[in-house]
Number of protein chains: 2
Amino acid sequence: MGSEVQLDAIDRGILNALQRDGRLSNVELAQRVHLSPSACLRRVKQLEEAGVIDRYVALVNPKAVGRPGTSFTIINLERTTPQVLAAFEQAVRDVPEILDCFFVAGSNDYLVRFAYRDAEDLERVHGEVLMHLPGVARANSMLVLRTVKKTTGFEL
Amino acid sequence: MGSEVQLDAIDRGILNALQRDGRLSNVELAQRVHLSPSACLRRVKQLEEAGVIDRYVALVNPKAVGRPGTSFTIINLERTTPQVLAAFEQAVRDVPEILDCFFVAGSNDYLVRFAYRDAEDLERVHGEVLMHLPGVARANSMLVLRTVKKTTGFEL
DNA sequence: AGTGAAAGTGCGGCTGC
DNA sequence: GCAGCCGCACTTTCACT
């Protein structure tokens, strides 16, 4: 897929701009990167088809939809056979409260991110959702007290 | 800001659709949520102005821009005076390699996410960037071996 | 008064040269 | 890089409740 595509300075400028504002009109984007609209559009389409630009999304304010809290939880499984891992991962995908889940090196742990509504909801998700995923031995939550920095893209 | 806005079922439908595809045209969005284009556009504008929709962004493929690796690092500071925290956080904001940084409860640690190019780059970022941030005592990296789930929004 | 549908206008995406 | 058509965003207006 989108591997080993060579990007020049203009491509990087396009990507930086669209990562900040995915609804930039082509004409405005063109003059920011000093290109004619048609040439700019060609590059954008090419970046989309090459898979460099994965997709465009709207970002919603967590507070505005009643999910102000964020927690990262390190989940340790009792056993780490392929079957146990597969069952756990499928369950994770089916739980809407879980936003991200990563399998990390070191001690065969998962790192899970979720958003919660309030203290009661946090307790529910931690205790009734995470702890009841198949194969879980321990779950160690790290509550986010303050978000220092949060990005959705890369500085190119 | 965007707090305590009441969302009905149609608003949630709009948000779910735009979180999947932020470039949906208003007419297509309208028929998905069974509304006329003008009524739909009014709601979208209102959600934007209320801050429920924060912004629209393009998501780029990390592999395509040469940053295939992800690492989460727990950073522990030597001292936790306000001055030390502030200096650390400002440094974090100035380092482009660091994508996210959260101050987490428990032991006054930070959780930091960054993307790296290869093993050599990982070593450089961990050793030369993170460890040289002001006030760092220890940095414990968790390498992501596999991304099980990754979302940019909420199921509403 | 607040919400939804229908029509007109201009800008911008997109396919030719 | 330039000129075309065409579609969509956006406004206004009207109908409903």
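Predicted, not measured: the structure shown is a model, and the values here were computed from it. Numbered from 1 within each chain, the chains take letters A, B, ... in sequence-line order.
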Check: Looking at C:dG13, D:dA9, D:dC2, which one has an atom nearest to any side-chain atom of A:Ser38?
Finding: D:dC2
Notebook entry, point to check: CD of B:Gln31 versus C1' of D:dA9: gap in Å, rounded?
Noted result: 15 Å
Margin query: Can you give me the closest heavy-atom contact between A:Leu111 and A:Phe72, atom names plus distance?
Written below: CD1-CB, 4.2 Å
Checklist line | Minimum-distance nucleotide (side-chain atoms of A:Val27 versus D:dC8, C:dG13, D:dC2) | finding: C:dG13
Check: A:Leu24 has an atom CG; how far is it from atom C1' of C:dG13, in whole Å?
Finding: 14 Å
Checklist line | Distance in angstrom units between B:Lys45 NZ and C:dT3 C1', rounded | finding: 19 Å
Notebook entry, point to check: Starting at CG of B:Asn26 and ending at C1' of C:dG12, how long is that distance when rounded to a whole Å?
Noted result: 16 Å
Next item on the list: Report the nucleotide, chosen from C:dG4, C:dG13, D:dC8, that has the shortest atom-to-atom distance to any side-chain atom of B:Ser25.
Entry: D:dC8
Check: Can you check whether B:Ser36 has a side-chain N or O nearer than 4.0 Å to OP1 or OP2 of C:dG4?
Finding: no
Item checked: Value in whole Å for how far the C1' atom of C:dG13 lies from CD of A:Glu28 -> 15 Å
Note to self: Is it true that, when you exclude A:Arg23 itself, more than 12 heavy atoms of the residues, nucleotides or ligands shown sit nearer than 6.0 Å to its CZ?
What the structure shows: yes
Checklist line | d(CG, B:Leu35; C1', C:dA6) in whole Å | finding: 14 Å
Margin query: Closer than 4.0 angstrom, basic N to acidic O: yes or no for A:Glu89 and B:Lys149?
Written below: no
Next item on the list: Indicate, with a heavy-atom threshold strictly under 4.0 Å, whether B:Arg43 touches base, sugar-phosphate, or nothing.
Entry: sugar-phosphate
Next item on the list: Can you figure out which of C:dC14, D:dG1, D:dA9 approaches the side chain of A:Leu41 most closely?
Entry: C:dC14
Notebook entry, point to check: So, are B:Asp21 and A:Arg55 salt-bridged, with charged N and O less than 4.0 Å apart?
Noted result: no
Notebook entry, point to check: Atom CG in B:Leu130, atom CD1 in B:Ile74: separation rounded to 0.5 Å?
Noted result: 12.5 Å
Checklist line | A:Arg42 side chain near D:dG1 phosphate (N/O to OP1/OP2, under 4.0 Å) | finding: no
Notebook entry, point to check: Whole-Å distance between C:dC11 P and A:Arg23 CZ?
Noted result: 20 Å
